[in-house]
Amino acid sequence: MKIQYIQYNSSNFKKVKKRKKHSFLRILITLFIILIILAIAGYIVLGNMYTFEKLNNKIYSTVNTVISKIVNKASLTFKDIKGENDIYLGINKESCSEYHFVDGNWYENESFTNLTVNNESDVKTIIEYDNKQRLVNYPDGYYVDFQNILDYDFSLSLDYIVGYKDNYNVTLSIEHSPYDDVTWYINHYQNRFYLSEEYRNENNITLVNNETKEINGKQVILLTLTRNTDSNEYPYKTYTYAYILLHDKTYARFMFKTDSYSEEYMNSCINTLNSFKEISKKYTANYHINYEPTPNPNWGPKTTELYNKYLNSNEIDFGIFSGNNGIYSSIPDIEYKLENDFDIVLIYNHFGNTLDLDTIDEITYDDKAVELTVQTCVSNNEKLFGYTPIFDIIDGKKDDEIRELAFELTCCNCPILFRLNNEMNSDWTSYSGILGLSDPDIYKAVWKRIYNIFQEEGVKNCIWIYNPNDNNYPPNKWNNFLAYYPGNEYVQMIGVTGYNTGTYYAEQNAEKWKEFKDIYNEIQEKYQPHFSKFPWIITEFASSSVGGDKAKWIENMFNNISNYPNIKAAVWFNSADYNPENGEVSRPYWLTETNETLNAFKNGLKNFK
């Protein structure tokens with residue numbers, strides 16, 4: 001066998017190896033440059049879409065959220081190692097009593113031990129020890145100690161928990177700030193009215209304290225107010241708001257309220273805040289309340305007939321608001337052009353003003369139903385830092401005005417679709433939750449007082465409509481639209497309100513064009529689980545023309561409204577919103593704005609009926 005030797009040239013091998021190495025480096029550098037170019041291009045595209053400031057904030061927020069979650073998870077794991085997640089920490093387990101809330105039912109410890117629960121169950125534990133009480137909220141991930149033995153309301157535990165006893169009440173929720181600066185968000189969206197001297201002076205409220213302090217290693221914002229009143233009709237006069245800043249833009253919100261301020265009360269609040277501990281989350285919070293309309297047995301025949309029509313009919317009545325005096329001129333003119341009559345006319349009345357009985361007679365003369373919106377304000381909801389009548393109403397100081405309104409309504413020989421204090425879960429009405437000391441119970445007390453006085457005065461023609469805004473402003477759990485529901489015996493219909501506001505304020509608040517189905521799909525999703533047994537009325541709605549095709553929007557509305565079987569009536573808001581800075585029309589809602597919008601409604605009515 002002949003063996004051929006090939007001479008090995010080491011210098012040539014090194015040159016080849018070096019060329020391969022340089023080629024590989026060039027490929028890596030090229031890929032790196034391409035990635036940088038793509039990242040810059042993506043940043044520019046997204047920056048043009050969202051503005052660079054918003055994009056930077058979004059990137060920062062995303063990174064901060066990821067880091068916060070990692071840190072929080074590590075912290076909770078460390079607490080497990082140290083035993084701080086133990087719900088019995090500091091308690092002699094042998095001498096305490098335990099009670100467990102599971103999906104709407106209560107169990108003592110032994111029966112709970114034998115109970116089968118899963119992660120979808122809503123579970124809370126109450127531990128009583130040394131005349132104190134520890135509330136363990138597993139779904140929200142905390143426990144807290146109260147200095148008294150309390151009763152609890154877990155009916156809206158998906159949003160918040162209420163503890164109460166005698167003259168003491170506390171509402172507790174875990175909230176999230178949409179802004180990175182959580183302190184600013186709290187002081188502006190939660191406390192701005194209470195920090196206003198004008199608001200406090202106009203409503204006879206004293207600022208007791210306003211401070212930020214460290215409690216149990218957490219930054220806590222504390223604010224206490226006292227209502228100066230000699231009335232005992234509403235039991236709570238002193239309010240303390242405490243916000244424990246947590247992580248990932250979350251905070252624990254406490255609202256303590258009692259009959260009068262004292263050092264003992266304040267010390268009790270501080271001790272409760274000091275006991276707050278985060279634990280690992282488990283189980284799932286839920287709602288535990290049944291919503292069902294209660295027709296008034298004292299209604300007259302016409303009112304009963306109208307209510308039964310809305311309760312059982314598959315048809316939809318259309319109505320209009322065109323100013324309080326529209327029935328005399330603009331509404332007949334619009335009906336003439338539409339070649340169709342409206343079924344409902346909406347009018348407004350502000351608390352303390354005489355009801356226009358002649359206008360109501362004119363509306364009903366043509367066999368139309370009256371939707372009457374009564375708002376307990378004195379300035380058309382414009383002077384929000386000024387006087388609001390709600391405190392005088394709950395103190396019983398406005399009963400004469402309520403009785404006068406009741407008398408006027410008894411003079412109306414027609415059914416009234418009675419909408420009281422709509423859009424209360426907002427911050428733009430004088431009777432809103434925020435202006436009512438962030439206490440939905442005040443709103444409910446106003447509603448019940450007016451309702452009960454109406455019954456005493458023999459009002460037999462009012463169908464009461466509960467009408468929150470379609471979104472909660474501010475978007476807090478304590479401000480959820482369900483928090484203001486006064487009770488089944490006080491409500492017969494559900495009012496829904498959703499506007500396509502257009503894009504006039506797109507730059508200021510990211511306003512977007514929204515089609516009818518997009519608005520009411522969202523409302524349906526929120527309301528149907530709770531209010532499926534009620535007839536619904538779109539108490540006011542419309543589309544702006546800024547930012548899209550208003551005529552097409554109207555056409556799409558008629559094509560989609562039947563997809564919501566609970567909706568029995570819909571009232572068009574034939575008016576406009578104006579820019580307060582320059583007075584120009586910002587949201588033109590007029591039905592007769594153009595021939596196209598008028599014809600779209602005209603054709604919709606013809607095809608619909």
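If you read the sequence from its start, that first residue is 1, and numbering goes on from there. None of these values were measured; they are calculated from a predicted model.
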(message) If the condition is side-chain hydrogen bond (donor to acceptor under 3.5 Å, both in side chains), which residues does Tyr239 pass it with, not counting sequence neighbours?
(response) Asp439
(request) For Tyr160 and Asn480, test the side chains for any donor-to-acceptor distance below 3.5 angstrom and give the result as yes or no. (result) no
(request) With sequence neighbours excluded, give me every salt bridge (Lys or Arg N to Asp or Glu O under 4.0 Å) pair touching residues 217-231. (result) Lys218-Glu278, Arg227-Asp395, Asp230-Lys397
(request) Kindly state whether the ring of Tyr291 and the ring of His530 have centres lying under 6.0 angstrom apart. (result) yes
(message) Taking atom CG as the centre, does Asn119 end up with more than 12 heavy-atom neighbours from other residues, nucleotides or ligands that are less than 6.0 angstrom away?
(response) yes
(request) Compute whether any side-chain donor of one residue and acceptor of the other, for Asn566 and Ser532, lie under 3.5 angstrom apart. (result) no
(request) For Tyr138, enumerate each residue passing the side-chain hydrogen bond (donor to acceptor under 3.5 Å, both in side chains) test, keeping only those at least two apart in sequence or located in another chain. (result) Thr125
(message) Around atom CG of Asn131, are there more than 12 heavy atoms from other residues, nucleotides or ligands closer than 6.0 Å?
(response) no
(request) Report the distance from atom CD of Gln375 to atom CG of Asn381, rounding to the nearest 0.5 Å. (result) 5.0 Å
(request) Answer yes or no: are there more than 12 heavy-atom neighbours, outside Glu108 itself, under 6.0 Å from its atom CD? (result) no
(request) Applying side-chain hydrogen bond (donor to acceptor under 3.5 Å, both in side chains), name anything that partners Asn203, two or more places apart in sequence or on another chain. (result) none
(request) Name the orientation class of the two ring planes belonging to Phe481 and Tyr527 (parallel below 30°, tilted from 30 to 60°, perpendicular beyond 60°). (result) parallel
(message) Over 60° means perpendicular and under 30° means parallel, so tell me whether Trp184 and Tyr189 are parallel, tilted or perpendicular.
(response) perpendicular
(message) Which residue in the set Tyr152, Phe112, Phe154 passes ring pair (Phe, Tyr, Trp, His ring centres under 6.0 Å) when paired with Trp106?
(response) Phe154
(request) Among Asp470, Ile434, Asn472, find the residue that satisfies the side chain to side chain contact (heavy atoms under 4.5 Å, CB included) test when tested with Asn425. (result) Asn472
(message) One pair to check against side chain to side chain contact (heavy atoms under 4.5 Å, CB included): Tyr164 and Asp153. What are the steps and the verdict?
(response) CA-CA 8 Å; Tyr164 58 94; Asp153 181 355; 4.3 Å; yes
(message) Assess, by modelled atom type and distance only, whether the side chains of Asp145 and Gln133 contain a donor and an acceptor separated by less than 3.5 Å.
(response) no
(request) State which residue, out of Thr171, Asp140, Leu156, fulfils the side chain to side chain contact (heavy atoms under 4.5 Å, CB included) condition with Lys477. (result) Asp140
(message) Could you check whether Tyr251 and His176 have their ring centres less than 6.0 Å apart?
(response) no
(message) Please confirm whether the ring centroid of Tyr241 lies under 6.0 Å from the ring centroid of Phe254.
(response) no
(request) Check salt bridge (charged side-chain N to carboxylate O under 4.0 Å, His left out) between Lys568 and all other residues, then give those that pass, not counting sequence neighbours. (result) none
(request) Kindly say whether Lys132 contributes a backbone atom to a donor-acceptor pair with the side chain of Asp130 at under 3.5 angstrom? (result) no
(request) Could you tell me which non-hydrogen atom of Tyr283 sits nearest to which non-hydrogen atom of Asn118, and how far apart they are? (result) CD2-O, 3.4 Å
(message) Once salt bridge (charged side-chain N to carboxylate O under 4.0 Å, His left out) is applied, do any residues pair with Glu423, and if so which ones, sequence neighbours excluded?
(response) none
(message) Between Tyr451 and Leu420, is there a side-chain heavy-atom distance shorter than 4.5 Å?
(response) no
(message) Looking only at the side chains, is there a donor atom on one of Trp536 and Gln528 sitting less than 3.5 Å from an acceptor on the other?
(response) no
(request) Could you verify whether a donor N or O on one side chain and an acceptor N or O on the other, from Asp122 and His288, lie under 3.5 Å apart? (result) yes
(message) Just to verify, what does Lys526 make a salt bridge (charged side-chain N to carboxylate O under 4.0 Å, His left out) with, not counting sequence neighbours?
(response) Glu522
(message) Less than 3.5 Å apart, any donor N or O on the side chain of Asn421 or Thr376 sitting next to an acceptor on the other?
(response) yes
(request) Tell me yes or no: between the side chains of Asn228 and Thr206, is some donor less than 3.5 Å from an acceptor? (result) yes
(message) Do Phe531 and Tyr485 have side chains that approach each other closer than 4.5 Å (heavy atoms only, starting at C-beta)?
(response) yes
(request) Could you name each residue pair satisfying ring-ring contact (aromatic ring centres under 6.0 Å, His included) that touches residues 216-235, not counting sequence neighbours? (result) Tyr234-Tyr236
(request) Give a yes or no answer on whether the side chain of Ser430 reaches the backbone of Cys377 with a donor-acceptor pair at less than 3.5 Å. (result) no
(message) Test: salt bridge (Lys or Arg N to Asp or Glu O under 4.0 Å). Region: residues 181-202. Which pairs qualify, not counting sequence neighbours?
(response) Arg192-Asp427
(request) Taking the six-membered ring for Trp and the full ring for Phe, Tyr or His, determine whether the centres of Phe385 and Tyr199 are under 6.0 Å apart. (result) no
(message) Just by distance, no angles: are the side chains of Tyr387 and Asp392 close enough, under 3.5 Å, to form a donor-acceptor pair?
(response) yes
(request) Identify, with sequence neighbours excluded, every residue that meets ring pair (Phe, Tyr, Trp, His ring centres under 6.0 Å) alongside Trp447. (result) Trp464
(message) Is it the case that the side chains of Asn467 and Glu540 hold a donor-acceptor pair, with the cut-off being a distance below 3.5 Å and no angle test?
(response) no
(message) Using the salt bridge (charged side-chain N to carboxylate O under 4.0 Å, His left out) criterion, which residues pair with Lys533? Sequence neighbours excluded.
(response) Glu292
(message) Which residues pass the side-chain hydrogen bond (donor to acceptor under 3.5 Å, both in side chains) test with Gln524, not counting sequence neighbours?
(response) none
(request) On the 0 to 90° scale, with breaks at 30° and 60°, tag the Tyr179-Tyr185 ring pair as parallel, tilted or perpendicular. (result) tilted
(request) Answer yes or no: are there more than 12 heavy-atom neighbours, outside Glu264 itself, under 6.0 Å from its atom CD? (result) no
(message) What I want to check is whether the side chains of Thr238 and Thr258 have a donor and an acceptor closer together than 3.5 Å.
(response) no
